[in-house]
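Computation of the quantities below employed the complete heavy-atom set of this structure, encompassing side-chain atoms and omitting hydrogens, waters and symmetry-equivalent molecules. In what follows, chains carry the letters A, B, and so on, assigned in the order in which the sequence lines appear, proteins first and then strands, with residues in each chain numbered from 1.
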There are 2 protein chains.
Amino acid sequence: MRTSIATVCLSGTLAEKLRAAADAGFDGVEIFEQDLVVSPHSPEQIRDRAAELGLTLDLYQPFRDLLSVEEDVFQDNLRRLESKFQLMQRLGMDQILVCSNVATATVDDDEVRVDQLRRAGELAERYGCYISYEALAWGKYVNTYQHAYDIVAKVDHPHVGTCLDSFHILSRGDDPSGIADMDPAKIFFLQLADAPSMEMGILPWSRHHRVFPGEGDFDLKYFMEQVAKSGYDGPVSLEIFNDKFREADVARTAIDGLRSLIWLADKTAGRVPDSQMEFPQLADAQAPRGFDFVELRTGRLGEVTRALHQLGFSLGGYHQSKPEFQAWVQGDVRIIVEDEGPTGGATAVTGLGVIVDDATAAAERAISLKATPVPRVTGEDEEDLHPVYTPSGSELYFCGPGPDGKGRTWVPEFGFDPEDITSGNADKALINSVHHIALAQPRHTAAETRLFYSSVLGLDSAAPEFLSSPAGLVHKQAIEGEKVHFTVSAAPEGSEQGGFFAENYPEHITFQTDDVFAVAQRAVQRGLKMLAIPENYYDDLAARFGLEPAFIARIKEFNICYDRSDNGEYLHFYTAPFGNTFFEVAEQRGDYSGFGWADEPIRLAAQYRALRDDVRGIPR
Amino acid sequence: MRTSIATVCLSGTLAEKLRAAADAGFDGVEIFEQDLVVSPHSPEQIRDRAAELGLTLDLYQPFRDLLSVEEDVFQDNLRRLESKFQLMQRLGMDQILVCSNVATATVDDDEVRVDQLRRAGELAERYGCYISYEALAWGKYVNTYQHAYDIVAKVDHPHVGTCLDSFHILSRGDDPSGIADMDPAKIFFLQLADAPSMEMGILPWSRHHRVFPGEGDFDLKYFMEQVAKSGYDGPVSLEIFNDKFREADVARTAIDGLRSLIWLADKTAGRVPDSQMEFPQLADAQAPRGFDFVELRTGRLGEVTRALHQLGFSLGGYHQSKPEFQAWVQGDVRIIVEDEGPTGGATAVTGLGVIVDDATAAAERAISLKATPVPRVTGEDEEDLHPVYTPSGSELYFCGPGPDGKGRTWVPEFGFDPEDITSGNADKALINSVHHIALAQPRHTAAETRLFYSSVLGLDSAAPEFLSSPAGLVHKQAIEGEKVHFTVSAAPEGSEQGGFFAENYPEHITFQTDDVFAVAQRAVQRGLKMLAIPENYYDDLAARFGLEPAFIARIKEFNICYDRSDNGEYLHFYTAPFGNTFFEVAEQRGDYSGFGWADEPIRLAAQYRALRDDVRGIPR
């Protein structure tokens with residue numbers, strides 16, 4: 001399968017885009033006209049640079065409003081088209097994208113379109129060029145892929161084919177199954193884009209909100225299956241207009257894009273085993289059995305370890321060769337704390353270990369999906385946990401199941417036997433597992449994060465929700481498997497009020513317990529400072545759910561928050577943050593399946609107040 | 001007219017919101033429930049704080065899903081409602097907003113709704129409270145203001161009225177003229193919101209994109225006229241859900257909001273002279289006759305004055321009492337340059353003088369519209385140009401027309417006679433006027449900027465357009481009168497690629513000439529460094545417009561860009577930036593009415609490359 005990406009997907013100059021596409025591993029690019037027009041480099045320099053980078057120049061785009069016009073307008077259009085063929089010769093490329101007419105169409109007659117497109121094809125042939133004709137979803141007369149294909153079929157010229165674009169087809173709700181029956185010789189090009197479901201007109205949706213395959217809500221697996229069934233074996237290219245991608249790091253976006261194509265190819269390979277496209281073969285996604293450990297790096301060792309102790313964790317030991325790492329254990333939860341010295345700096349989630357059946361294969365899959373391996377620093381006699389970098393720079397470890405399926409194969413390196421701790425010579429284990437890990441990311445990486453975890457770990461993700469904070473709306477997303485769950489928060493942006501969270505939005509780890517009151521009581525006895533929940537919250541809670549005063553009094557005592565869904569309840573408390581990280585302890589009752597997001601505004605307001613003293617001006 | 005604002009319009013904590021509303025000058029606030037719930041202050045503290053700030057608490061909101069339900073659900077709803085009445089008593093407030101049912105409605109029967117709302121009204125009466133019933137545009141059964149009013153009329157209870165919300169009425173395209181005939185005693189509350197036209201579902205449009213009156217595309221003048229005609233004399237309140245406002249500075253947003261109500265009241269006062277609402281009386285907006293001067297502050301004096309000289313400006317003189325200010329003159333263009341010393345720092349547009357017939361009245365109008373006067377620093381014998389601060393902190397001066405209508409009354413303070421310069425003892429004046437001033441602002445102040453200039457100076461504004469740059473999309477907006485024109489650019493955001501422009505997006509002044517070639521030739525002879533325009537641009541231009549090679553060669557020689565509309569042409573060049581400011585010189589031919597935005601991506605890419613060397617990696 002040959003991969004390609006339109007330069008419009010990427011930020012930066014054309015030179016930066018080419019290099020990022022090559023570095024990521026794409027085979028070619030589409031040249032978006034404006035990227036060339038604003039470039040100080042000549043077409044010949046661009047041609048040579050692409051060759052040097054090993055990139056083919058697959059498609060020049062877009063050429064607008066060619067067909068469905070009166071003859072005098074068409075003559076001028078042919079003049080424009082010819083100048084583009086001349087330019088393409090200088091670029092050393094031969095295929096141009098022609099879109100269905102939006103702005104100047106006045107003649108709604110397929111015979112006219114067929115005639116005009118054939119004459120354009122004859123002109124293309126004289127320059128050794130090829131025309132790829134595409135129906136825009138908002139084309140004035142031609143707006144379905146089937147209509148564009150019919151015109152191309154009637155033109156029946158070897159230099160005229162059609163370009164299929166998943167956005168223009170799926171955004172209209174059109175059924176792509178007709179693609180499977182197309183003549184593959186008439187499909188000249190394939191552009192792929194995904195998009196989140198939005199209540200929005202197709203044009204602004206297309207121009208601002210496309211995302212890479214797997215990052216939105218379109219059924220691209222089915223779409224790609226139809227394309228593969230047709231026998232198409234040309235480039236598989238990305239054409240994404242996305243406001244956030246245009247502002248994001250170009251190298252990272254390019255990698256994200258290639259990951260999306262590999263993910264989609266992997267999905268399609270299974271559905272169309274005899275495809276012409278030679279899909280890459282990946283190791284299967286393995287559903288994690290659970291978190292083996294979570295790693296925190298902190299410049300506030302005292303605060304972090306005190307909180308762990310207060311929550312009932314026991315110190316397991318120090319790593320034999322890297323003494324700055326210490327392991328804290330409770331039940332099946334293991335927290336590795338890395339002491340970065342008394343910097344007073346932030347605390348961050350720097351690593352995650354997931355338990356999988358075949359760690360080597362799981363790491364291979366991640367690397368196939370463009371995750372970068374972390375250079376090995378483990379000693380010869382130490383476990384290789386196959387770490388790779390996540391897009392945000394944290395480390396993801398793949399841990400084998402060990403003899404009892406619970407991972408922990410690396411524990412001897414910390415000089416302790418986990419059974420000593422879990423079987424009761426330390427604190428009673430009231431915490432059973434990591435319920436979820438709440439990551440924070442900038443808004444423009446939400447789509448990338450969703451694709452990374454879902455493709456590498458085989459997790460599912462849901463549409464984002466919005467939660468209010470005093471500094472603006474937080475966009476939240478859940479990424480979940482059967483045994484491991486993540487939430488990803490994108491903090492408010494902007495330089496004013498939003499700035500309070502933009503840099504330091506806190507991440508947290510939520511521990512699962514069967515008795516939140518017991519955990520809270522022990523923690524408070526040990527001096528834990530919980531995040532203070534306002535009285536008004538409890539008054540509102542009583543009104544909302546009709547809860548008994550005694551129950552309200554009991555949860556209020558421990559600053560416990562309460563949420564209820566149709567089938568269950570969620571009782572949870574937050575520790576005060578140490579830097580920009582904190583812990584949450586949660587007890588789920590019944591079949592509650594959420595993350596207590598109804599209570600997040602309370603937490604966010606309290607953390608905001610800690611940053612910005614709002615009591616000024618209020619007489620107390 | 002009593003003004004109010006819903007706390008949900010503003011960022012920050014409830015305490016911060018109350019103070020900002022009071023500081024701006026609002027009479028009261030609506031308490032948005034979640035703001036109270038997350039607050040650490042008790043209802044009694046909030047009550048006392050509002051009283052101390054001189055704010056009335058006008059509306060508690062929202063109460064959801066009360067009506068159109070089965071009796072058992074309604075009983076539970078009454079329980080919820082009663083607890084809110086108890087809470088409102090603690091807050092010392094008496095009116096609650098009840099929205100039409102969205103989520104739990106199962107009974108579509110007006111008789112049931114009338115019965116339930118009457119019983120709710122009886123409960124309200126027992127607590128001395130009032131229910132204001134509002135139709136949400138997406139209410140399941142009740143979604144028009146007329147339907148909600150009919151129900152209220154049938155309930156006919158003194159503690160039950162209706163709340164009118166302009167968004168819920170105008171977003172549906174409903175005709176608000178029926179409001180004029182309503183019984184004002186049944187209209188308990190008025191919420192105002194504007195919104196830009198968007199191709200979007202009503203719910204996300206409402207939740208994320210509302211703006212203050214005058215900042216969007218709704219006809220709120222007509223809406224308000226209907227309300228005033230009804231005889232309503234209660235609070236006029238703002239209820240705006242806007243993602244950007246939630247991230248913006250709370251004090252500034254509050255002022256922006258009050259400005260919008262004063263602007264709207266001013267517009268309505270003329271239409272409904274006998275209104276019950278006692279609208280504020282403002283001085284009339286005066287159409288500026290032109291720019292009197294533009295003031296630049298620079299830490300790069302040498303570069304700025306050299307560019308002015310190269311463009312044909314002559315030094316007029318230095319200010320008599322403030323020698324750091326110097327005046328540069330050409331034709332009717334006057335540029336004041338403030339030397340902030342050799343800091344090497346940025347150059348910024350710090351002040352604008354507009355010529356109006358009555359400067360005192362114009363300044364009074366600005367101050368009525370919440371512009372802050374700049375403390376007077378002029379000497380007794382110097383012209384008072386009535387400066388006020390714009391929202392971004394620059395200074396806006398109002399200049400009397402002077403004897404010949406051209407302003408310049410302050411010129412003697414610089415010790416020169418403008419006629420000496422304009423009549424020819426200096427350079428030939430090839431530049432005639434300031435064509436427009438291109439301001440840059442963060443994205444979240446676009447709406448505020450639009451309202452400020454349009455209300456204070458009586459200008460019109462158009463919907464924003466998007467232009468691409470290597471760092472992301474730039475949002476551009478034109479604000480125009482007959483004689484003065486502004487454009488406002490909102491640069492890309494984000495911490496990565498977008499960050500290149502976020503802090504330092506350049507502003508510029510565009511000079512109008514009748515002969516761009518003459519200006520360019522003189523400037524080049526004097527060594528002006530123009531922004532270099534790529535060859536590719538000229539190749540594309542020739543293809544697009546079919547221009548003659550000789551013409552292309554001529555504009556290319558001077559790095560002149562070219563745009564064409566149906567009725568005219570625009571020839572223009574840019575100077576290289578000095579810091580984050582530059583000059584543009586433009587010749588309009590025919591009836592070209594734009595700003596050359598088609599060429600902005602070229603400029604932005606060139607300026608981006610100056611920040612980030614993209615030639616690396618390209619062999620030359």
Side-chain angles (χ1 to χ4, degrees), chain A residues 11-13 15-16 19 34 36-42 45 48-49 76 79-80 83-84 87 199-201 203-204 243-244 246-250 442 444 468 470-473 492-498 532 534-537 539-540 542-544 546 601-602 605 608-609 614-615 617-619, chain B residues 11-13 15-16 19 34 36-42 45 48-49 76 79-80 83-84 87 199-201 203-204 243-244 246-250 442 444 468 470-473 492-498 532 534-537 539-540 542-544 546 601-602 605 608-609 614-615 617-619:
Chain A
S11 66
T13 66
E16 290 170 335
R19 186 160 62 180
Q34 194 173 53
L36 178 71
V37 169
V38 306
S39 170
H41 303 299
S42 70
Q45 284 177 311
D48 294 347
R49 177 59 175 159
D76 193 53
R79 181 195 58 73
R80 284 198 294 132
S83 72
K84 294 304 164 193
L87 175 64
E199 286 186 61
M200 185 178 278
L203 183 62
D243 289 7
K244 293 292 179 193
R246 288 172 186 268
E247 296 176 359
D249 180 79
V250 59
H444 61 269
S468 73
L473 293 183
E493 293 178 343
S495 53
E496 298 186 349
Q497 210 86 2
E535 286 273 332
N536 296 342
Y537 169 78
D539 291 346
D540 179 66
R544 259 196 293 151
I602 305 291
Y608 171 91
R609 286 195 304 270
D614 102 305
V615 180
I618 291 256
Chain B
S11 66
T13 65
E16 289 172 335
R19 184 157 67 177
Q34 194 174 52
L36 178 72
V37 170
V38 306
S39 170
H41 304 300
S42 70
Q45 285 177 310
D48 294 348
R49 177 59 175 160
D76 193 52
R79 178 195 60 71
R80 284 197 295 132
S83 72
K84 295 303 163 191
L87 174 64
E199 286 186 61
M200 186 178 277
L203 182 63
D243 289 5
K244 293 291 180 193
R246 288 173 187 267
E247 295 176 359
D249 179 79
V250 58
H444 62 268
S468 72
L473 293 184
E493 294 178 341
S495 53
E496 298 186 351
Q497 210 85 358
E535 286 273 331
N536 296 343
Y537 169 77
D539 291 345
D540 179 66
R544 258 195 294 152
I602 306 290
Y608 171 90
R609 286 194 304 269
D614 100 306
V615 181
I618 290 257

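With a 4.5 Å cut-off on non-hydrogen atoms, B:Lys244 does not touch chain A at all. With a 4.5 angstrom heavy-atom cutoff, B:Ala532 does not touch chain A via any of its atoms. Only the side chain of A:Asp539 comes within contact range of chain B, with heavy atoms under 4.5 Å apart. With a 4.5 Å cut-off on non-hydrogen atoms, B:Glu535 does not touch chain A at all.
Contact count versus chain B (heavy atoms, under 4.5 Å) is highest, among A:Gly546, A:Pro534, A:Ala542, for A:Pro534.
Applying the side chain to side chain donor-acceptor pair (under 3.5 Å) criterion to A:Glu199, with sequence neighbours excluded, gives no partner residue.
The nearest pair of heavy atoms linking A:Val250 to A:Glu16 is CG2-O, 4.1 Å.
To the nearest 0.5 angstrom, B:Ser39 atom OG is 12.0 Å from B:Arg49 atom CZ.
Remark: side-chain polar atoms of A:Arg79 are paired, donor with acceptor, to backbone N or O of B:Ala543 under 3.5 angstrom.
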Going through the checks in order, is the side chain to side chain contact (heavy atoms under 4.5 Å, CB included) test met by A:Ile602 and B:Gln34?
CA-CA 9 Å; A:Ile602 305 291; B:Gln34 194 174 52; over 6 Å; no
